[in-house]
J.: 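Take a look at this one; I'll ask things after.
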Amino acid sequence: MIPIRFTLNGKPLSTSCLAHDSLRTILRREGMFSVHFGSHSGETGAGAILLDGKLVSSDVVLAAQADGHDIVTVESLNTSPELHPIQAAFTAVGAFQSGYSAGAMILGTLSLLKRNPDPTESEIRDMLSGILDRETAYVKPVEAVMRAAALMRGDVAEPFAPAILPPLTQHGNAARYDENDAPPVVSAAVPRLIPSRDVPDMAVVGKPEIKVDAVRLAKGNPAFTDDIDLRNMLYARVLRSPHAHARIVEIDDSEARSFPGVHAVLHYWNTARVKYASGGQSWPNPHPHDQVSFDNKVRHVGDRVAVVAAETPEIAEAACRLIKVTYEVLPAVLDERETMLEGAPVIHDEADTTEIHDRDRNIVHHIAAKRGDPDAAVANADANGHKVFTQTFRVHQVQQCPIEPHISIAWLDEDERLVIRTATQVPFHARRMVAPLLDRDIKDIRVVKPRIGGGFGAKQEMLIEDIVGHLAQVTRRPVRLELDRSEEFIGSRTRHPQTLTFTSVVDGDGKLVSQDLYIIGNTGPYGTHGYTVQTVAGLRGLTQYNAPNKRFRCDVVYTNIPVPGAYRGYGAPQAEFALEAHMEDIARSLGEDVIEFKRRNWLRLGDELNIAPHLGERAASDEELDEYPKVLSTGLEECVAQALREIGWHRRNDPAWKAPADRPNIRRGLGFAYCMHGTAIPFLDMGGCSIKLNDDGSFNMLVGATDLGTGADTVLGQIAAEVLGVPLEDIKVYSSDTDMTPFDTGAYASSTTYISGTAAMRAAEAARARIKERAAMLLGIEQPCSIELRDRRAYAPDGRSVSMEEIALDSLHMQEQEQIMGTASYVSPECPPPFAAQVVEVEVDIDTGQVTVVKMAMAVDCGVAINPVTASGQVEGGMLQALGYAHCEEYAFDSDGRMVNDSFGPYHIYRADEVPETVVYLVQTMEDSGPFGAKAVAEIPKDGVAPAMRNAILDAVGVAMNEIPFTPERVWSAMRAAGTA
Amino acid sequence: MPLIAGYHRPTDLTEALDLLSTPGRIALAGGTVINADREPSDLEVVDLQSLNLDDITVENGVAQVGAMVRLDNLAHTFSGDLIGEASQRELPSTLRTLATVGGTVGAAMRDSLLLTAMLASACNVHYADGESAPLTSAIPSANRLITRVDFVAHGEWSIHSTARTPKDTPIVAAVGRRIGDRLHLAISGVADTPVFLSDTTDLTSLEPRGDFRGSAEYRLDVAQTLVRRIEKELA
C-alpha cells in the first residue's frame with residue numbers, strides 16, 4: 001500500500017492506496033458518492049472533481065498522483081440543508097434529469113465562475129465539453145450556469161417558466177406563417193408553450209415545478225445503485241467471448257478457482273440450464289426463450305462465457321484471465337440480409353429452444369398484418385393511372401449509452417431472501433423473470449430500484465440480475481457487478497439494425513392508395529425485444545398516413561452482432577426515417593410541395609388508426625374488433641406552423657441563402673419530418689399507486705413506476721397534488737421496490753405519465769373521497785361532495801374550512817380512527833398518439849461531405865404537459881440522441897465481428913460544445929383519456945431528426961441518402977455518385 | 001486503471017532517469033493515455049509531476065514549454081494562436097486539464113491536432129539527456145524522457161479539418177503556419193502519426209490506413225482539399 005495525503009474538501013486526509021487505484025476509487029471509499037463511474041478512460045466526466053481548482057476526470061488520475069494536492073467534491077458545498085446558489089440554479093431550470101453527472105457539472109461551474117464571473121455561452125459549453133450528458137442536450141445545463149453566474153453576482157433571477165405564445169392556426173386548420181413574423185426571442189432553454197382553450201388553469205399541473213428529487217441530485221447524496229456500502233462485498237467480472245460464433249468445447253477453471261481471493265466461478269458446467277428471454281416485458285414473455293445464464297455456445301463477441309466473484313475487482317479480472325476455454329470457432333453472419341441465405345450458419349441449433357419460425361434460415365419470427373389489398377393496388381396501378389414508388393432503406397446499430405452503466409448488487413437478507421438492488425427500468429419484470437433462473441419463488445426475491453443514471457431502454461432488460469443472484473446464492477455474500485464501457489457496448493443492448501422496403505401507390509390527386517412495408521429486422525443472436533420492436537416499427541411506419549390498403553411483413557432474423565433490444569423509440573426511429581424519406585421523395589417525384597403532399601395524407605382528428613390493432617402482443621383480427629381506435633386529439637397543424645416559422649422554412653427558396661457567396665464550398669438546406677408516436681401499450685401496460693395521509697397533512701405516495709431521470713416521480717406527484725389540493729412539496733414520492741410499492745410494468749413505451757399518472761390520479765381521488773368525508777364530519781356538512789380541496793385545506797361551500805393537518809390528526813388520533821389512503825391501478829384501452837413537427841437546418845461541405853447541423857426545432861403535441869420544463873427537457877435530450885443516430889453514432893466491426901469502436905470517442909456522442917441550436921415548442925391539446933389531458937412525450941423526439949436531416953441534405957445538395965448515419969465519407973460518396981462533388 | 005504494479009514520484013531529473021533505466025518502468029505525464037488503458041500490465045509508472053517541468057516562456061516569438069505543462073494552460077497562454085486553438089480542440093475540458101505537452105508528443109497519436117500544429121510550428125523536442133531534435137525529423141521514442149519543447153508561436157495560421165461533428169477528433173486535419181516567408185504545413189489522419197509536408201512531400205504517395213471513419217481513398221482526397229484551402233488562405 002502507498003500512503004497518501006491530500007486535502008479533501010478543505011480537510012487534510014491521510015490514507016493509503018494501491019498503485020493502480022484511481023482517485024475516483026479512493027474518493028468513493030471515503031464516502032464521496034457524488035463521484036460516479038462512467039468509463040475508465042474518463043471521457044464521460046461523471047467522475048470529475050476539482051484538483052487544485054481544475055475540473056479533472058478522477059477516473060484517469062491515480063490516487064497516488066493526488067498526493068499533496070487539493071481535492072474538492074460537490075459534498076464540500078453541502079454545509080447546510082439549503083442549496084448552494086449553483087445547486088439552486090441547476091434545480092431551478094430543470095438542468096438535471098437523472099443527475100448522474102450532477103456533481104461534475106456543479107463543480108465545473110464553481111471552477112469556471114471563480115475564474116470568470118460572467119462567462120460567455122461558448123465558455124460555458126467548453127467547460128461542459130468534458131461531461132457527457134445523454135439526457136438534456138446540454139440546453140438547460142447551459143442555462144443553469146448562466147443563472148448561477150447571475151446569482152453569484154448578486155442578480156435577482158426570475159422564476160424559470162415557459163414562454164406563453166399565441167397560436168398560429170385556428171381550429172386545427174393549416175396556416176402559413178408570416179415570413180416577416182420572427183419567432184420569439186427567448187432563451188433556447190425556455191419551452192415555448194402554446195396553450196389550448198380546452199385546458200383549464202390548474203394549481204400544480206402544467207406548472208414548472210422543481211423536481212422532487214432535485215436536492216438529492218444537486219447535493220450528490222447517495223441515491224444510485226452503487227451508492228451503498230455493504231460489508232464483505234464481493235466483486236464480479238464476466239469473461240466474455242472473443243468470437244462471434246463458437247461452441248465451447250471445454251472450460252478449465254481450476255486455476256481461477258484456486259486463485260487467492262476468488263470465491264466462485266460459474267459457467268455452463270455448474271449453472272442450471274433454464275431457458276428464458278431477457279426482454280423486460282409482461283408475462284408471458286414472447287417466445288422463443290433462447291437464452292440461459294451460461295451456455296455451451298457463444299453467439300456474439302461479448303457473449304457470456306463465465307463469471308468470477310472475488311474479493312476485489314482486480315482479482316476477479318485476473319481470475320477471468322486464468323479460465324482456459326477451448327472454442328470450436330464457427331462461421332458467423334452479421335448482416336440481416338445474408339443470414340437468411342442458404343449456407344449461412346444456423347445460430348440456434350440447440351434442441352431446447354423452441355418456437356423459432358424457421359430455424360434453418362435464422363428467422364425467429366415472421367410477422368404479417370394487412371388492411372385492404374395492397375397487391376391489387378400495385379397490380380392495378382397502371383390501369384388506374386396511379387403511380388408506384390418503391391424504396392429500400394438501411395438503418396444501423398447504435399447504443400443507448402446511459403452514462404451510468406448496468407450495475408446490480410445482490411445479497412441474502414436476514415430472512416435469507418434475495419435482495420437485488422439494481423439499475424433497472426423494470427423491477428417487477430426483473431423479479432418475475434429472474435426467479436426461475438435462481439430456482440427461487442418470486443416471494444423470496446426483492447428487487448429495489450434506486451435512482452437510475454439513464455436507461456433509454458437498455459435497462460428494460462433482465463440483463464445481469466441473474467448473475468449477481470447466482471453468485472450471492474453460491475457465496476452467501478453480497479456481490480456487485482458493474483459493466484465497464486466496453487461491456488456496455490458489446491454486452492448489453494442496442495438498437496436493431498433493419499432493412500426496410502416501402503412500396504406506396506399514389507393516385508392522380510396525390511393521395512395514398514396503398515402502403516406496404518417489408519422489414520428485415522436484425523435481432524442479433526437473441527430474440528429479447530425482437531418481436532415487439534419490429535411490430536412497433538410496422539405500426540409506426542404504417543399508421544401516420546391514411547391509405548385504405550396497408551400491409552406489414554417482417555422477418556425477424558438472428559445474426560451474430562451484439563444483442564439489440566429496447567431503445568427509446570422502440571422501432572419508430574427506424575420506420576419513420578424510412579417513411580419520411582420515402583414520402584419526401586414521392587412528393588419531389590410528383591413535383592409537389594413536400595408539406596402539402598404529406599398534409600393531404602396525414603392523420604387528422606377522427607381518422608382511424610387502421611392497422612394498429614392488428615399489430616403487437618395483443619393483436620386482434622378484424623372479426624374481434626368492434627371499431628378501430630381513432631385520433632381524438634391532435635395539434636399537428638399548430639406544430640407544423642410553429643416549427644416552420646422557427647426554422648425559417650421560406651429560406652428554402654432563397655438561392656443566395658442556400659449557396660452563400662462567401663463560402664463557396666458550403667450548401668445549406670432545410671428538412672422537415674412529421675412524427676407520430678404512441679402512448680403506452682393498450683390493454684397491456686399497467687401501473688399501480690397507493691397514497692396515504694400523514695399526521696401533518698402530507699402524503700406518502702408509492703408507485704411502481706421507475707423514474708429514469710425523466711421526471712416521472714415529479715409528474716406523478718404533481719398529478720396527485722392537483723387532485724388533493726396541496727403543493728407538490730407535500731407529496732413524498734417513493735419508487736420503486738417490489739416489496740413496498742404497487743406493481744408497474746415499468747418505464748417504457750411512453751407509458752408512465754399516461755398509465756402510472758392515471759393510477760396516481762385515481763389513487764389520489766380515492767384518498768380525496770375519504771378526506772372529504774372526514775372534512776364533512778369536522779365541518780358538520782352533510783354532502784361531502786360539496787367540499788373542495790385547495791391550498792392544503794378542505795372548504796365547505798359556505799367558506800368555512802379545515803386544514804389537511806387537522807383532518808389527518810382527527811382521523812389518525814381522535815375519532816373513528818382510520819388511515820386515510822387510496823390505492824388504484826390503471827390499464828388503458830386507448831393509445832392516444834402524440835404528434836410533432838421536426839425541422840433541421842444543415843450545412844454541407846461539398847468537397848468533403850461533412851454535414852454540420854446548425855439548428856433543430858421540434859414542436860410537439862403531447863396533450864397537456866404536466867410539467868412543461870421536464871417535458872421540454874425530454875424533447876431536447878431525445879432530439880440530441882436522435883441526432884447522434886442520424887449523424888455520427890454507429891457500431892463498426894472487423895471481419896471477425898469484433899466491435900472496433902467500443903469506447904467513447906471512436907463511438908462519438910455529441911458534446912456540449914458542438915450541439916446545434918435546439919428549440920422546443922409544446923403545443924397543448926386536451927386528450928380526454930389522459931390524466932389532466934396528458935399524452936406521451938418521451939419517445940417522439942427520437943423519431944424525426946434522422947429523416948429531417950436527410951431531407952435537409954437532399955435540399956442542400958440534391959443527394960438522397962437512404963442509409964444512416966450521414967458521416968462525411970458516406971455523403972461524399974453519394975455526392976460523387978450523383979456527380980455533385 | 002491498468003493493473004500497474006508500482007508508483008514512483010522522483011523529485012529531480014537524475015532520480016527520474018535512474019528510475020526509468022530499470023526495465024518495466026514508464027514515464028507518467030498527465031495520465032490520460034496510460035491511466036485510461038485497461039489492458040493488464042505489470043508496469044511501474046514514474047510520475048513526472050515533481051520535476052518542475054511546467055514553465056512557459058516566450059522570447060522573440062519562440063515558446064519554451066515544459067513537458068508537464070497541461071493543455072488547458074497551453075490553450076490559455078497561447079489563446080488566439082495556432083497552438084492555443086489546437087490545444088483547446090485536442091481534448092474536452094476534464095481531460096485537457098490533465099494531459100500534458102510531453103505526453104502528447106510521446107503518445108504520438110495519429111489524429112492529434114496539437115501534434116500536427118506543433119509540426120507546423122517548427123517544434124523542437126528536448127530530452128533529459130540534453131539532446132534535442134526537430135519534431136519533423138522523427139516522432140520521439142517513448143523511452144526517452146522529454147523535458148520540454150520549443151516552437152514558433154507567432155505568424156499567420158490556419159486549421160482546416162473534417163470530422164463527423166464539429167468537435168469530434170478530425171478524420172483528417174491540415175494545419176498551416178506562416179513562418180517568415182515560408183508556409184509550414186502538416187497533416188493528420190493520413191499516416192500512423194501526423195506528417196510534416198515538406199516541399200518534396202507528395203501527398204498522393206501517402207498510404208493512409210483506412211478505418212470506419214474514413215477509407216484510405218477518402219482520407220487522401222480530403223487531405224488534398226484541406227491543404228489547398230490552407231494554401232489559398234495563407235497565400
Side-chain angles (χ1 to χ4, degrees), chain A residues 2 19-22 25 39-43 45 48 51 54-57 59-62 64-65 67-68 104 108 126-132 314 317-318 321 484 486 665 845 847-850 852-853 887-888 890 892-893 900-901 905-906 908 910-914 965 967-969 972-973, chain B residues 1-9 28 30-38 40-41 44-45 47 49-50 70 72-73 75-76 88-89 91-99 160-169 171-172 210-215 217-219 221-222 224-226 228-229:
Chain A
I2 302 168
H20 63 254
D21 280 336
S22 71
T25 300
S39 70
H40 287 101
S41 40
E43 311 93 344
L51 190 151
K54 290 184 176 180
L55 191 68
V56 305
S57 280
D59 314 273
V60 286
V61 178
L62 294 173
Q65 283 180 284
D67 182 53
D126 180 62
M127 178 275 287
L128 291 170
S129 68
I131 306 167
L132 294 179
E314 291 76 20
E317 188 164 348
R321 290 194 299 276
D484 65 25
S486 173
N665 57 309
D845 186 322
D847 296 329
T848 67
Q850 178 174 301
T852 303
V853 178
H887 197 190
C888 56
E890 62 180 320
F893 297 101
V900 299
N901 59 336
H908 187 73
Y910 262 85
R911 290 171 18 182
D913 56 347
E914 58 178 352
T967 52
E969 182 168 8
W972 176 81
S973 299
Chain B
M1 288 290 157
L3 297 180
I4 56 169
Y7 173 86
H8 308 272
R9 191 190 292 188
L28 175 66
T32 56
V33 176
I34 290 175
N35 292 345
D37 187 352
R38 286 291 296 159
S41 158
E44 296 182 8
V45 293
D47 185 349
Q49 67 170 288
S50 298
R70 313 281 169 168
D72 69 314
N73 192 355
H76 177 74
Q88 183 85 5
R89 288 165 60 169
L91 286 169
S93 59
T94 52
L95 298 177
R96 197 189 304 144
T97 43
L98 291 168
H160 282 270
S161 62
T162 294
R164 292 171 293 188
T165 64
K167 294 295 173 74
D168 186 17
T169 303
I171 301 167
V172 179
D211 64 12
F212 68 97
R213 295 193 308 145
S215 66
E217 179 200 10
Y218 175 72
R219 287 171 184 270
D221 189 274
V222 169
Q224 291 170 71
T225 297
L226 300 183
R228 275 197 302 273
R229 287 181 184 175

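Just so we're on the same page: letters track the sequence lines, and every chain starts at 1.
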J.: Does Ser93(B) reach the main-chain N or O of Met127(A) with its side chain, forming a donor-acceptor pair under 3.5 Å?
T.: yes
J.: Please state whether the side chain, the backbone, both or neither of Asp845(A) comes within less than 4.5 Å of a heavy atom of chain B.
T.: side chain
J.: Which bit of Phe893(A) comes within less than 4.5 Å of chain B, counting heavy atoms only: side chain, backbone, both or neither?
T.: neither
J.: Report the C-alpha distance between Arg96(B) and Asp126(A) in whole Å, list the side-chain angles of each, state the deciding distance to 0.1 Å, and finish with yes or no for side-chain contact (heavy atoms from CB on, under 4.5 Å).
T.: CA-CA 11 Å; Arg96(B) 197 189 304 144; Asp126(A) 180 62; 2.8 Å; yes
J.: The test is side-chain contact (heavy atoms from CB on, under 4.5 Å); show your working for Val900(A) and Asp211(B) and say whether it passes.
T.: CA-CA 9 Å; Val900(A) 299; Asp211(B) 64 12; over 6 Å; no
J.: Are Ser129(A) and Lys167(B) side-chain neighbours, meaning at least one heavy-atom pair lies under 4.5 Å?
T.: no
J.: Is the closest side-chain heavy-atom distance between Phe212(B) and Thr967(A) below 4.5 Å?
T.: no
J.: When you measure from the side chain of Gln850(A) to the backbone of Arg164(B), do you find a donor-acceptor pair of N or O atoms at a distance under 3.5 Å?
T.: no
J.: By a 4.5 Å heavy-atom criterion (distance strictly below it), what part of Val45(B) contacts chain A: side chain, backbone, both, or neither?
T.: side chain
J.: Hey, are the side chains of Thr848(A) and Asp221(B) touching, using non-hydrogen atoms and a 4.5 Å cut-off?
T.: no
J.: Report yes or no: do His908(A) and Thr165(B) form a side-chain donor-acceptor pair below 3.5 Å?
T.: yes
J.: Given Ser57(A), which of Asn35(B), Thr97(B), Thr94(B), Thr32(B) fulfils the side chain to side chain donor-acceptor pair (under 3.5 Å) condition?
T.: Thr94(B)
J.: Do Glu43(A) and Pro92(B) touch side chain to side chain, with heavy atoms closer than 4.5 Å?
T.: no
J.: Inspect the contact between Asp913(A) and Arg89(B) and indicate whether a charged nitrogen and a carboxylate oxygen are less than 4.0 angstrom apart.
T.: no
J.: Using non-hydrogen atoms only, which part of Ala64(A) is less than 4.5 Å away from chain B: side chain, backbone, both, or neither?
T.: both
J.: At what distance, to the nearest 0.5 angstrom, does CZ of Arg213(B) lie from SG of Cys888(A)?
T.: 11.5 Å
J.: What do the steps show when you test Gln49(B) against Gln65(A) for side-chain contact (heavy atoms from CB on, under 4.5 Å), and what is the final call?
T.: CA-CA 8 Å; Gln49(B) 67 170 288; Gln65(A) 283 180 284; 4.0 Å; yes
J.: What part of Ile2(A) lies closer than 4.5 angstrom to a heavy atom of chain B: side chain, backbone, both or neither?
T.: side chain
J.: Between Ala19(A) and Ala5(B), which heavy-atom pair has the shortest distance, and what is it?
T.: CB-C, 4.0 Å
J.: When you check the gap from the basic side-chain N to the acidic O, do Arg229(B) and Asp847(A) get nearer than 4.0 Å?
T.: yes
J.: Is chain A contacted by the side chain of Asp47(B), its backbone, both, or neither, given a heavy-atom distance below 4.5 Å?
T.: side chain
J.: Hey, are the side chains of Ser973(A) and Tyr218(B) touching, using non-hydrogen atoms and a 4.5 Å cut-off?
T.: no
